[in-house]
Amino acid sequence: MPDEGFLKVTHDMVVLGKNARVYLSHLAKFVAPHDYQIILQATLSGTVYETNRHRFGTSALFTLRPEPLSIADLQVQAAVAPEALPARLFFGRVGRDGDVLGEARVNLLQTLYFQQFDPLASRSSELRYIFFGGAEEGFLAHQITTPPDFDQILLVQPMGDDLPLVPPTGALLDFQGRENRLDDRLAPGEQVKGAIVGNGFPTQHETYLQVVAEVHLETDDFGKSV
């Protein structure tokens with residue numbers, strides 16, 4: 001994929017999912033060129049990730065540091081088959097307390113969410129998350145907009161008496177009655193009702209989710225503007 005003028009630098013990722021096909025969430029900041037919230041679907045080579053995910057559980061934090069690449073490289077269409085990228089896998093947060101687990105090659109399959117931060121953007125007054133995953137294993141990532149803000153990723157389980165309504169991947173969910181701030185964020189153990197925004201659904205269409213675990217929470221990188 002052409003660089004499109006973006007500098008090739010290290011873009012660290014949170015790794016989610018328990019199968020060979022995983023999800024990656026860019027560890028963003030309000031500082032260029034990391035000022036993008038990006039969620040991707042990918043595959044990892046080898047058995048290091050699957051073995052350790054099975055060992056430590058679905059809510060454990062794993063992170064990935066690919067070789068330097070540009071933001072343009074993370075805009076992946078489903079029909080495109082990019083080459084495998086060398087990367088290093090960590091248990092815990094890369095660059096902080098994370099322990100190196102080994103090397104892997106990551107194939108980026110599809111970009112599910114891509115948004116550059118805009119310091120002039122208006123923030124939703126209601127707590128808003130991005131859904132990705134499926135019925136057996138779903139995730140919510142708090143939508144980051146303007147400082148001060150926070151990056152949070154939750155493991156969730158869609159709920160329902162019969163077949164639960166699973167939001168489409170990349171859908172935005174508003175949680176009415178919850179203010180869009182850190183101390184009103186969703187927490188493990190809660191059963192919550194979210195209104196699906198866009199993606200072909202009317203805003204009043206609702207889904208019910210069980211919050212299973214908080215996989216990642218970051219506030220330090222989101223206290224200053226771009």
Side-chain angles (χ1 to χ4, degrees), residues 12-19 22-30 34 37-42 49-50 52-65 89-99 101 112-113 115 117 123-124 126-145 147-159 164 166-167 169-197 207-223:
D12 297 333
M13 312 275 180
V14 175
V15 189
L16 303 145
K18 58 186 178 183
N19 300 313
V22 299
Y23 299 97
L24 305 178
S25 180
H26 179 231
L27 286 166
K29 301 178 181 180
F30 284 132
H34 302 288
Q37 186 168 19
I38 306 170
I39 300 170
L40 306 110
Q41 193 171 43
Y49 174 72
E50 286 189 82
N52 284 277
R53 175 61 76 187
H54 179 75
R55 176 185 176 188
F56 293 107
T58 56
S59 62
L61 177 62
F62 291 86
T63 52
L64 190 76
R65 174 167 285 178
L89 183 68
F90 294 78
F91 176 61
R93 174 69 187 263
V94 56
R96 295 187 184 173
D97 59 352
D99 296 321
L101 293 175
L112 306 176
Y113 183 86
Q115 184 64 54
F117 302 140
R123 183 200 305 266
S124 170
E126 294 180 334
L127 195 60
R128 178 172 288 180
Y129 287 79
I130 306 152
F131 178 87
F132 56 102
E136 294 185 2
E137 188 178 48
F139 299 95
L140 290 177
H142 178 250
Q143 186 188 45
I144 304 166
T145 50
D149 215 326
F150 62 97
D151 187 9
Q152 182 194 30
I153 301 175
L154 299 165
L155 174 65
V156 298
Q157 178 67 54
M159 298 170 58
V166 180
T169 288
L172 300 178
L173 302 182
D174 281 351
F175 293 88
Q176 299 171 359
R178 306 286 288 261
E179 294 188 23
N180 199 8
R181 62 174 194 248
L182 178 65
D183 60 1
D184 212 12
R185 69 187 185 276
L186 301 183
E190 290 190 85
Q191 294 182 355
V192 294
K193 178 176 67 174
I196 302 175
V197 181
T207 184
Y208 294 83
L209 301 169
Q210 171 75 49
V211 183
V212 178
E214 183 178 76
V215 180
H216 170 68
L217 177 65
E218 175 62 47
T219 59
D220 291 347
D221 289 337
F222 297 97

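Residue numbers run from 1 in the order of the sequence given.
- Note that OG1 of Thr169 is 7.5 Å distant from CD of Gln41, once rounded to the nearest 0.5 Å.
- The shortest heavy-atom contact between Ala171 and Ile196 is CB-CG2, 4.2 Å.
- Contact check for Arg128 versus Thr145: no side-chain heavy atoms found under the 4.5 Å cut-off.
- Counting heavy atoms from C-beta on, the side chains of Leu27 and Val94 come closer than 4.5 Å.
- In plain terms, the two heavy atoms of Pro188 and Val212 that are nearest each other are CB-O, 3.8 Å.
- For Tyr113, the ring pair (Phe, Tyr, Trp, His ring centres under 6.0 Å) test picks out no residue, with sequence neighbours left out.
- To the nearest 0.5 Å, the span separating CG on Leu61 from CZ on Phe56 amounts to 12.0 Å.
- A distance of 12.5 Å separates CG of Asn180 from CZ of Arg185, quoted to the nearest 0.5 Å.
- Here OG of Ser124 is found 9.0 Å from CG of Leu172. Values are rounded to the nearest 0.5 Å.
- Residues that satisfy the side chain to side chain donor-acceptor pair (under 3.5 Å) test with Glu190, not counting sequence neighbours, are Arg178.
- Residues that satisfy the ring pair (Phe, Tyr, Trp, His ring centres under 6.0 Å) test with Phe90, not counting sequence neighbours, are absent from this structure.
- A donor-acceptor pair under 3.5 Å is formed between the side chain of Gln157 and the backbone N or O of Ala135.
- Rounded to the nearest 0.5 angstrom, Lys29 NZ and Ile144 CD1 are separated by 12.5 Å.
- Here the two rings, on Phe132 and Phe139, have centers that are under 6.0 Å apart.
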Could you walk me through whether Asn52 and Phe91 satisfy the side-chain contact (heavy atoms from CB on, under 4.5 Å) test, starting with their C-alpha distance in whole Å, then the side-chain angles of each, then the deciding distance to 0.1 Å, before giving a yes or no? CA-CA 8 Å; Asn52 284 277; Phe91 176 61; over 6 Å; no

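- Looking at heavy atoms from C-beta onward, Val156 lies in side-chain contact with Phe131 at the 4.5 angstrom threshold.
- Counting heavy atoms from C-beta outward, Val22 and Arg53 have side chains that stay 4.5 Å or more apart.
- Atoms CZ and CG, from Phe150 and Leu217 in turn, are 7.5 Å apart once rounded to the nearest 0.5 Å.
- For the residue pair Asp220 and Glu218, the shortest heavy atom distance occurs at N-OE2, 2.9 Å.
- Taking Arg123 as the reference, Asp149 meet the salt bridge (Lys or Arg N to Asp or Glu O under 4.0 Å) condition, with sequence neighbours excluded.
- In the displayed structure, Arg55 atom CZ is contacted under 6.0 Å by at most 12 heavy atoms of other residues, nucleotides or ligands.
- The side-chain contact (heavy atoms from CB on, under 4.5 Å) with Leu140 is formed by just one residue from the set Leu155, Leu173, Ile130; it is Leu173.
- When the options Leu16, Thr63, Val14 are evaluated for a side-chain contact (heavy atoms from CB on, under 4.5 Å) with His216, the one that passes is Val14.
- The minimum heavy-atom distance between Leu209 and Pro158, with the atom names listed, is CD2-CA, 3.7 Å.
- In this view, Tyr129 and His142, Phe175 satisfy the ring pair (Phe, Tyr, Trp, His ring centres under 6.0 Å) rule, not counting sequence neighbours.
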What verdict does the side-chain contact (heavy atoms from CB on, under 4.5 Å) test give for Leu24 and Val15, after you've listed the backbone C-alpha separation in whole Å, the side-chain angles of each residue and the deciding distance to 0.1 Å? CA-CA 5 Å; Leu24 305 178; Val15 189; 3.9 Å; yes

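- A 4.5 Å side-chain heavy-atom check between Gln37 and Phe117 finds at least one atom pair inside the cut-off.
- Residues passing the ring pair (Phe, Tyr, Trp, His ring centres under 6.0 Å) test with His26, sequence neighbours excluded: His11.
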